[in-house]
Visitor: 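I have a structure here, written as structure tokens, and I will follow up with some questions on it.
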Amino acid sequence: FDQNSWVTQTLGLPGVRLQMPKAGPRRTLYFKPADVAATIVTCGGLCPGLNNVIRELVMMLYAYGVKKVYGIKGGFKGVVNPQCWITLTPENVQDIHLQGG
């Protein structure tokens, strides 16, 4: 990362400075999109707008060239259970933001 790739925040805590990579598109990808898979794991509970987040993640991953995207039901327990994995594509998340949890 270069110096412009970092953001520093204090979050109102005296003497505490947190530094993290900035969000957003990257100039350089350090992986081959066709060679990777992405998973989206949620852990339940009320979270208004989460379907919008899932939809946009899938859309952007496909735009970057990642063609293997999975949603995992059941939180972290679902990660080890292949029956809990759902293939996510732009077609099957197209209208997910119009549905409730």
Visitor: In chain order, what residues pass the side chain to side chain donor-acceptor pair (under 3.5 Å) check against Thr89, with sequence neighbours excluded?
Guide: Glu91, Asn92

Visitor: Do the side chain of Arg55 and the main chain of Gln94 share a donor and acceptor less than 3.5 angstrom apart?
Guide: yes

Visitor: Rest of the hydrophobic cluster containing Val79 (Ile/Leu/Val/Met/Phe/Trp/Tyr, side-chain heavy atoms under 4.5 Å)?
Guide: Val41, Tyr70, Ile72, Phe76, Trp85

Visitor: Report the residues that fulfil side chain to side chain contact (heavy atoms under 4.5 Å, CB included) with Lys73, sequence neighbours left out, ordered by chain and then residue number.
Guide: Cys84, Ile86

Visitor: List, by chain and number, the other hydrophobic cluster members for Leu98, where Ile, Leu, Val, Met, Phe, Trp and Tyr join if side-chain heavy atoms come within less than 4.5 Å, directly or indirectly.
Guide: none

Visitor: Can you tell me how far CD1 of Ile40 sits from CG of Leu57, rounded to the nearest 0.5 angstrom?
Guide: 4.5 Å

Visitor: Can you name the residues that form a side chain to side chain contact (heavy atoms under 4.5 Å, CB included) with Asn52, not counting sequence neighbours?
Guide: His97

Visitor: Does a side-chain heavy-atom distance below 4.5 Å link Thr42 with Cys47?
Guide: no

Visitor: NZ of Lys68 to CG of Leu88: how many Å apart, nearest 0.5 Å?
Guide: 14.5 Å

